[in-house]
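Quick note: numbers below take in every heavy atom, side chains included, and nothing from hydrogens, waters or symmetry partners.
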Amino acid sequence: MSYGRKITLKSSDGETFEVDEAVGSESQTIKHMIEDDCADNAIPLPNVTSKMLSKVIEYCKKHVETPKPDDNDELKAWDADFVKVDQATLFDIILAANYLNINSLLDLTCQTVADMIKDKTPEEIRKTFHIKNDFTPEAEEEVRKENQWAFE
Amino acid sequence: MSEDDDRSPPSDLGCADSESSSKTRNCSGISGSGSTSVEVQAPYPDQVLENVLENVLCFLTSRRDRSAASLVCKSWYRAEALTRSELFIGNCYAVSPRRATTRFTRVRSVAIKGKPRFADFNLMPPNWGAHFSPWVATMAKAYPWLEKIYLKRMSVTDENLAILAHSFPSFKELALVCCEGFGTSGLAVVASKCRQLKVLDLIESEVLDDDVDWISCFPESHTCLESLIFDCVECLINFEALERLVVRSPYLKKLRLNRLASIGQLHRLMVRAPQLTHLGTGSFTTLDAVQGEPEPDYASAFAASRSLVCLSGFREASPEFLFAIYPVCANLTSLNFSYATIDVEELKSVICHCRKLQTLWVLDTICDEGLQAVAASCKELRELRVFPVEAQEDFESPVSEVGFQAISEGCRKLESILYFCQRMTNAAVIAMSKNCPDLVVFRLCIMGRHRPDYVTGEPMDEGFGAIVMNCKKLTRLAVSGLLTDRAFDYIGKYGKLVRTLSVAFAGDSDMGLKYVLEGCPNLQKLEIRDSPFGDAALLSGLHHYYNMRFLWMSSCRLTREGCTEIARALPRMVVEVMQEANAVRDEERRGFIDTLYMYRSLEGPRDDAPEVVEIA
């Protein structure tokens with residue numbers, strides 16, 4: 001089924017992807033380029049690898065194809081599966097979604113990472129994301145106290 | 001949610017924001033080196049996370065999660081501070097406005113709490129403090145994009161409201177709960193200058209009548225108003241102006257009139273605003289009967305209000321008009337009859353229709369029989385408050401353990417109860433502990449001092465013991481009646497999740513308080529009056545006071561020396577001692593202080609305390 005004309009996207013590592021205009025327009029960045037008539041040739045996306053671009057296209061295609069995306073349980077389940085990837089990939093998708101300005105994908109991926117932070121202690125969060133604690137014990141205690149006494 | 005025995009259901013301003021879709025659009029976006037072209041070679045995972053952190057943290061809304069995130073490492077601390085948009089200050093004296101605004105620079109919504117709850121019962125000197133002034137002055141400069149302010153038990157002046165109105169061009173929501181110090185002039189400035197105002201909620205606040213017609217001050221064109229709550233305002237409102245305001249406020253969903261509004265006026269407003277979801281009916285009686293005019297069709301107006309889910313008011317309710325609300329009962333989730341002296345039959349006629357009711361506030365005039373009717377009809381009930389029409393100690397109250405037990409048997413989903421009565425039994429309380437395992441808030445006020453179990457003559461220890469033992473989710477508890485140290489032993493042993501505890505006229509010795517202070521690791525707020533706890537008991541809590549929001553003890557057996565010792569042992573506690581200057585002191589109370597109010601603070605003792613407050 002055709003959704004209007006096709007456009008070509010070119011990843012940072014030179015690979016090209018042909019997609020329907022409607023699918024590409026899920027990205028505000030690409031949409032503006034189409035509107036500004038820059039889409040006759042391949043649209044270069046120097047900040048997005050082919051691996052990421054194919055993932056993002058997969059997301060946009062699914063969302064364009066699904067009727068009533070705001071109220072669709074099947075789509076929600078599909079989204080939940082879509083983000084079941086390793087941490088590094090998840091962060092890369094966030095970067096790509098941000099650069100390509102795809103709000104729903106940005107919300108979805110950021111919410112997923114936020115869910116990994118919820119209900120955890122600071123040490124558990126550090127372990128989850130392999131982060132080093134660079135607070136001195138005194139500084140950490142001061143922050144803990146300020147949090148508890150003033151803002152909780 | 002308001003946690004107190006106010007007469008009006010809480011404003012939901014304090015709850016999570018229901019912003020639509022992308023929260024990330026509010027953020028500064030990806031932070032990092034500032035360059036838009038990322039290197040082709042993938043950066044290390046933690047570097048990437050740092051780049052996306054602000055976007056991610058926008059999705060953390062709970063205070064606990066934000067606290068945890070801020071402690072992960074320095075860059076997370078900075079990112080969390082930049083992305084915190086809702087600031088909560090549990091005690092206005094625990095932190096200074098400057099410290100708060102220096103750390104959190106992009107706040108859109110602020111909630112500040114001031115005086116402790118016992119201030120509501122005139123147990124505090126009138127000008128004790130909790131002034132909004134330093135906060136509004138600092139925020140005016142620090143938060144030009146501020147949209148929401150929620151204040152509880154703060155002292156607010158007209159000048160404060162004027163600064164607010166002039167400093168925040170995007171201001172949208174103001175909720176003043178249990179506040180005082182301002183008047184209709186202050187409201188007028190807010191109404192006229194805050195052109196984007198969506199919410200103006202005045203709840204249980206004292207509003208001075210400066211003879212200013214604030215209702216006429218809202219924008220002349222369509223307003224953004226969604227909620228206008230002024231049921232506590234004791235001054236006459238310009239009714240014609242209110243009518244015009246309602247007509248030009250198409251988004252209005254919540255409207256709560258004061259008791260000076262007649263049922264005729266209510267009717268005129270209802271037909272102009274059938275889209276309301278929350279309605280405070282005002283007096284619900286004819287205040288100035290106009291001769292010769294036909295009676296409006298009140299029932300019709302209610303029938304047309306298809307979205308009504310929350311009904312309150314009934315301030316001088318005439319039972320003859322009660323039938324008018326029948327059309328909306330089936331959809332009601334919240335009903336506040338706490339000002340309506342309706343009797344059993346009147347209550348029954350209404351409640352039998354209220355199958356979806358989740359929140360009910362009533363007066364004890366409905367009697368045990370009325371409570372039985374509630375138990376039979378309201379299977380979805382989550383919160384019940386039964387207030388006394390006569391709050392005197394030697395009065396025969398019409399509700400007792402009979403109604404209490406009936407509720408426990410009929411309303412199994414109960415989560416919160418506040419119950420005033422003159423007599424109770426352990427058996428009924430034990431029954432509720434078993435029938436209602438979801439209880440989170442249990443406040444039983446057996447009026448009259450030291451009243452034992454009505455049937456057995458025993459102390460009420462076993463009843464309250466059963467509550468802490470069986471209600472595993474309990475976080476708030478108020479005890480009363482004849483209680484020995486044993487009751488406190490139970491609380492210390494089983495009340496592991498209790499955060500707020502209120503004690504009045506209870507206990508035998510210092511052991512009681514010791515059990516609680518040593519046994520309840522989550523205790524945050526402890527308010528005690530007229531109980532025999534002394535310095536030794538006070539000192540037994542030294543290990544825990546820095547973990548608490550506050551401790552209040554009035555008319556107990558504390559001495560100045562005891563307070564000084566605490567202050568010395570805990571240098572970052574602010575220990576306020578209040579002594580009523582010219583009180584006639586009987587032999588028993590000589591040597592003891594009237595009131596101790598103490599709280600931890602990052603700032604040290606405050607400099608705005610009135611003379612009657614001594615800081616140890």
**Q** Name the option with the most non-hydrogen atom pairs under 4.5 Å to chain A; the candidates are B:Leu87, B:Asn547, B:Asp65, B:Leu60.
**A** B:Asp65

**Q** Name the option with the most non-hydrogen atom pairs under 4.5 Å to chain A; the candidates are B:Arg103, B:Arg84, B:Arg64.
**A** B:Arg103

**Q** Answer yes or no: does atom CZ of B:Arg499 have more than 12 heavy-atom neighbours from other residues, nucleotides or ligands under 6.0 Å?
**A** no

**Q** Going from CD1 on A:Ile125 to CG on B:Leu71, what distance comes out if it is rounded to the nearest 0.5 angstrom?
**A** 8.5 Å

**Q** Any side-chain heavy atom of B:Val72 sitting closer than 4.5 Å to one from A:Asn133?
**A** no

**Q** How long is the straight-line distance from CG of A:Asp107 back to SG of B:Cys58, given to the nearest 0.5 Å?
**A** 10.0 Å

**Q** Tell me whether the count of non-hydrogen atoms from other residues, nucleotides or ligands lying under 6.0 Å of CD in A:Glu35 goes above 12.
**A** yes

**Q** Among B:Arg63, B:Lys74, B:Arg600, which residue forms the greatest number of heavy-atom pairs with chain A at distances under 4.5 Å?
**A** B:Arg600

**Q** Please classify the contact between B:Tyr77 and chain A as side chain, backbone, both or neither, with a heavy-atom cut-off of under 4.5 Å.
**A** side chain

**Q** With sequence neighbours excluded, tell me which residues meet side chain to side chain donor-acceptor pair (under 3.5 Å) with B:Gln524.
**A** none

**Q** Is it the case that atom NZ in A:Lys120 sees more than 12 heavy atoms from other parts of the structure closer than 6.0 Å?
**A** yes

**Q** Which residues in residues 144-152 of chain A have any heavy atom lying under 4.5 Å from a heavy atom of chain B?
**A** A:Arg144, A:Lys145, A:Glu146, A:Asn147, A:Gln148, A:Trp149, A:Ala150, A:Phe151, A:Glu152

**Q** Take atom CH2 of B:Trp145 as the centre, draw a 6.0 Å sphere, and report whether it contains more than 12 heavy atoms from other residues, nucleotides or ligands.
**A** no

**Q** Do you know the tightest heavy-atom contact between B:Ala68 and A:Pro122?
**A** O-CG, 3.6 Å

**Q** Measure the OG1-CZ distance between A:Thr112 and B:Phe59 for me, rounded to the nearest 0.5 Å.
**A** 9.0 Å

**Q** Does any heavy atom of chain A fall under 4.5 Å from the side chain of B:Phe104, the backbone, both, or neither of them?
**A** side chain

**Q** Please examine the side chains of A:Leu106 and B:Asn55, heavy atoms only from C-beta on, and report whether any two atoms are closer than 4.5 Å.
**A** yes

**Q** Given heavy-atom pairs under 4.5 angstrom as the criterion, report whether the side chain, backbone, both or neither of A:Glu141 touches chain B.
**A** neither

**Q** CZ of B:Arg98: more than 12 outside heavy atoms within 6.0 angstrom?
**A** no

**Q** What I'd like to find out is whether the side chain of B:Leu53 reaches to under 4.5 Å of the side chain of A:Phe129, using heavy atoms alone.
**A** no

**Q** Counting only heavy atoms not in B:Lys496 (residues, nucleotides, ligands), do more than 12 fall under 6.0 Å from its NZ?
**A** yes

**Q** Could you state the interatomic distance from NZ (A:Lys118) to OG (B:Ser62), rounded to the nearest 0.5 Å?
**A** 8.0 Å

